[in-house]
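The analysis underlying the following values was restricted to heavy atoms, covering all of them including side chains, and did not include hydrogens, waters or symmetry mates.
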Amino acid sequence: MSREKLPFVLMRGGTSKGVFLKEEDVPSDRAKLTDLLLDLFGSPDRRQIDGLGGADKLTSKAAIIGPPSRGGTDVDYLFGQVGTVRPEVDYNLNCGNLTAAVGVYAIEEGFVAPVEGTTVVRVHTVNTNRVVRVEVPVKQGRPVTVGNAQIGGVPGTGAPISLDFAEAVGSITGTLLPTGNVLDLLDVPGVGHVEASIVDGPNLAVYVHHSSLGMSGVESPDQIDSNEELKARMDAIRKVVAYRCGLREYWDSRLAPSTPMLIVLSGPQSYRTCTQSDLVAAESFDLVVRQYASGSASKTLAGTLTATTGVACRLPGSLPHRLIAANDARRGGTTLTFGHPSGVINVDADLESDGSKVRRLVVIRTARRLAEGSAFLKRPF
């Protein structure tokens with residue numbers, strides 16, 4: 001029997017917003033699921049006016065939640081990045097920000113029994129078959145949403161949710177250093193030789209210095225997105241890395257491949273946020289980062305990429321390590337701070353001295369339930 005009405009929950013996790021669906025309510029066939037999500041989100045359309053999409057890559061996301069299929073975990077989480085201008089849903093990556101919301105959702109929906117004080121939710125990220133440990137504050141059997149944690153790109157404050165990505169390294173290629181090197185010299189058609197570090201943590205990232213692209217390093221997302229020549233050079237670098245990392249089939253089959261992510265790096269320099277035009281002072285962070293993929297720059301730094309960048313900074317000889325060396329020696333400890341277009345984000349990155357093992361890789365986010373109800377589809381499923 002076909003259905004036109006679909007129960008959903010709208011949740012914010014960190015700087016992302018997503019439509020949460022239960023695995024039992026959607027098709028298991030990936031092609032049919034993709035058709036459903038495009039219908040649900042109103043894609044393809046830049047405004048997503050006829051669906052639940054938020055008209056931005058940070059708010060055009062789906063989370064499919066079900067009982068665990070992997071031992072030692074509490075819940076399955078399938079992530080879908082829904083295209084706004086192209087009719088595709090990318091399942092080849094995770095959203096770390098939404099993982100915070102998965103922890104909250106799992107408790108609220110009864111997948112995990114609440115434990116007073118802190119409830120640990122071990123999330124199996126189906127896309128990459130990795131595990132993220134989520135610690136959710138709980139009071140009187142319910143997730144706490146009110147608190148003093150503030151994150152760049154989200155107004156106000158909320159209760160801190162801890163995401164430990166230590167078990168999520170090698171998510172895309174299966175290994176931390178896909179090329180076997182902490183630093184590579186890439187020969188990129190149309191660009192030339194580019195020095196880069198390619199690191200596969202909770203997400204696959206290629207790190208380049210802003211000078212390699214003729215950038216200042218503090219460009220806004222709009223400035224990047226309006227520069228077609230710059231984006232072409234960025235995509236050329238990403239394509240070379242994708243091919244080198246064994247992702248040729250994936251890359252060639254997508255209209256707008258999301259991985260590898262390109263991270264443009266700069267040493268500390270002051271800039272203003274793209275959201276409120278607030279001043280982000282150079283002395284308040286270790287690195288400037290600008291994230292690019294799928295044809296546009298991000299207004300923030302993804303949670304998975306924050307964790308990946310934390311790992312990269314701890315690998316002696318890598319480009320990020322070289323750039324943070326002076327600040328890191330001055331500040332000490334394991335916490336690193338990155339300046340993104342909407343503010344700053346922190347990661348507690350603790351590795352063995354030789355980079356052979358990740359001991360701790362924690363990002364703090366906030367999350368909450370925004371709405372719930374039934375969505376009405378144009379096409380029955």
### Partner of Glu352 by salt bridge (Lys or Arg N to Asp or Glu O under 4.0 Å), out of Arg359, Arg314, Lys357
Arg359

### Query
What heavy-atom pair brings Leu186 and Ala196 nearest, and what distance separates the two atoms?
CD1-CB, 3.8 Å

### Message
Hydrophobic clustering (ILVMFWY, side-chain heavy atoms < 4.5 Å, transitive) - are Val264 and Ile224 grouped together?
### Response
yes

### Query
Taking the side chain from Thr175 and the backbone from Pro178, do they hold a donor-acceptor pair closer than 3.5 Å?
no

### Task
Determine whether Asp235 and Tyr292 make a side-chain contact, defined as any pair of heavy atoms from C-beta on separated by less than 4.5 Å.
yes

### Message
I'd like to know if Asp35 and Lys32 make a salt bridge, using a cut-off of under 4.0 Å between side-chain N and carboxylate O.
### Response
no

### Query
Between the side chain of Thr118 and the main-chain N/O of Glu135, is any donor-acceptor distance below 3.5 Å?
no

### Task
Say whether Val288 and Val344 are linked into one hydrophobic cluster, either directly or through other cluster members, by side-chain heavy-atom distances under 4.5 angstrom.
yes

#### Entry: Residue pairs involving residues 7-34 (criterion ring pair (Phe, Tyr, Trp, His ring centres under 6.0 Å); sequence neighbours excluded)
Phe20-Tyr105

#### Entry: For Asp25 against Pro7, the heavy-atom pair lying closest together
OD2-CG, 3.4 Å

### Query
When rounded to the nearest 0.5 angstrom, what distance separates CG in Leu361 from CG in Asp350?
9.5 Å

### Task
Identify whether the distance between the nearest side-chain nitrogen and carboxylate oxygen of Asp56 and Lys17 falls below 4.0 Å.
no

### Query
Is the Lys NZ or Arg CZ of Arg130 less than 6.0 Å from the centre of Phe79's six-membered ring, within 45° of the axis?
no

### Query
Roughly how far, to the nearest 0.5 Å, is CZ of Arg360 from OG1 of Thr334?
7.0 Å

### Query
Which value, rounded to the nearest 0.5 Å, describes the distance between Leu287 atom CG and Leu323 atom CG?
5.5 Å

### Query
Between atom OG of Ser342 and atom NE2 of His340, what is the distance when rounded to the nearest 0.5 Å?
6.0 Å

### Query
Is there side-chain contact between Thr366 and Ile161, with heavy atoms separated by less than 4.5 Å?
no

### Query
Short question: side chain of Asp225, backbone of Ala297 - any donor-acceptor pair under 3.5 Å?
yes

### Message
If hydrophobic clusters are built by linking Ile, Leu, Val, Met, Phe, Trp and Tyr wherever their side-chain heavy atoms come under 4.5 Å apart, do Val26 and Val126 end up in the same one?
### Response
yes

### Message
Is any side-chain heavy atom of Thr300 closer than 4.5 Å to one of Pro341?
### Response
no

### Polar contact flag, side-chain donor to acceptor under 3.5 angstrom, Asp74-His124
no

### Message
Could you check whether Ser69 and Asp76, counting side-chain N and O atoms only, form a donor-acceptor pair closer than 3.5 Å?
### Response
yes

### Task
Tell me, with the steps shown, if Tyr250 and Asp90 meet side chain to side chain donor-acceptor pair (under 3.5 Å).
CA-CA 10 Å; Tyr250 160 77; Asp90 200 334; 2.6 Å; yes

### Query
For the atom pair OG (Ser171) and CG (Leu204), what is the distance rounded to the nearest 0.5 Å?
9.5 Å

### Query
Tell me, do Arg322 and Leu183 make a side-chain contact under 4.5 Å, heavy atoms counted?
yes

#### Entry: Heavy atoms from other residues, nucleotides or ligands near CZ of Arg70 exceed 12 (cutoff 6.0 Å)
yes

### Message
So for atom CG, which belongs to Asp29, do other residues, nucleotides or ligands contribute more than 12 heavy atoms lying within a distance under 6.0 Å?
### Response
yes

### Message
Using side chain to side chain donor-acceptor pair (under 3.5 Å), reason through Thr309 and Tyr207 one step at a time and then give a plain yes or no.
### Response
CA-CA 9 Å; Thr309 307; Tyr207 297 94; 2.8 Å; yes

### Task
Look at the side chain of Gln269 and the backbone N and O of Ser266, then say whether any donor-acceptor pair between them is shorter than 3.5 Å.
no

### Query
Charged N to carboxylate O under 4.0 angstrom, Asp50 versus Lys378?
yes

### Message
Using a strict threshold of under 4.0 Å (side-chain N to carboxylate O), is an ion pair present between Arg233 and Glu228?
### Response
no

### Query
Same cluster or not: are Val9 and Val144 linked, directly or through other Ile, Leu, Val, Met, Phe, Trp or Tyr residues, by side-chain heavy atoms under 4.5 angstrom apart?
no

#### Entry: Salt bridge flag under 4.0 Å for residues Glu229 and Lys231
no

### Task
Check each of Asp187, Asp184, Asp200 against Arg244 using the salt bridge (Lys or Arg N to Asp or Glu O under 4.0 Å) test, and report the only one that passes.
Asp184

### Summary
When rounded to the nearest 0.5 Å, the distance separating OG of Ser28 from CG of Leu33 is 9.0 Å

### Task
Begin with the C-alpha distance, continue with both residues' side-chain angles, and end with the deciding distance and a verdict on side chain to side chain donor-acceptor pair (under 3.5 Å) for Arg290 and Ser298.
CA-CA 7 Å; Arg290 293 296 183 261; Ser298 177; over 6 Å; no

### Task
Quick one: list whatever passes salt bridge (charged side-chain N to carboxylate O under 4.0 Å, His left out) with Lys57, sequence neighbours left out.
none

### Query
Does atom CD of Glu24 have more than 12 heavy-atom neighbours from other groups under 6.0 Å away?
yes

### Minimum side-chain heavy-atom gap Leu305-Gln291 below 4.5 Å
yes

### Message
Under 4.0 Å between a side-chain nitrogen and a carboxylate oxygen: does that hold for Glu108 and Arg369?
### Response
yes

### Query
Do the side chains of Pro320 and Ser197 get nearer than 4.5 Å, heavy atoms only?
yes

### Message
Give me the atom names and distance for the closest heavy-atom approach of Ile172 to Leu93.
### Response
CD1-CA, 4.4 Å

### Message
Any non-hydrogen side-chain atom of Leu58 less than 4.5 Å from a side-chain atom of Asn97?
### Response
no

### Query
Can Gln48 and Ser60 be said to form a side chain to side chain donor-acceptor pair (under 3.5 Å), step by step?
CA-CA 9 Å; Gln48 294 179 318; Ser60 187; 2.9 Å; yes

### Transitive ILVMFWY side-chain link Val347 to Val154, under 4.5 Å
no

### Query
Only one of Val188, Val206, Val194 forms a side-chain contact (heavy atoms from CB on, under 4.5 Å) with Val240, so which one is it?
Val188

### Task
Check Glu116 against Lys139 and note the closest heavy-atom contact, atom names and distance.
OE2-CA, 3.3 Å

### Query
Does Asp286 reach the main-chain N or O of Ile324 with its side chain, forming a donor-acceptor pair under 3.5 Å?
no

#### Entry: Closest non-hydrogen atom pair between Arg86 and Ala256, with its separation
NH1-CB, 3.6 Å

### Query
How about Val112 and Thr119: do any of their side-chain heavy atoms sit closer than 4.5 Å?
yes

#### Entry: Donor-acceptor under 3.5 Å (Ser277 side chain, Thr273 main chain)
no

### Query
Looking only at heavy atoms, which two atoms of Ser284 and Thr337 are closest? And how far apart?
O-CG2, 3.6 Å

### Task
Verify, without hydrogens or angle tests, whether Arg122 (side chain) and Gly72 (backbone) share a donor-acceptor contact under 3.5 angstrom.
yes

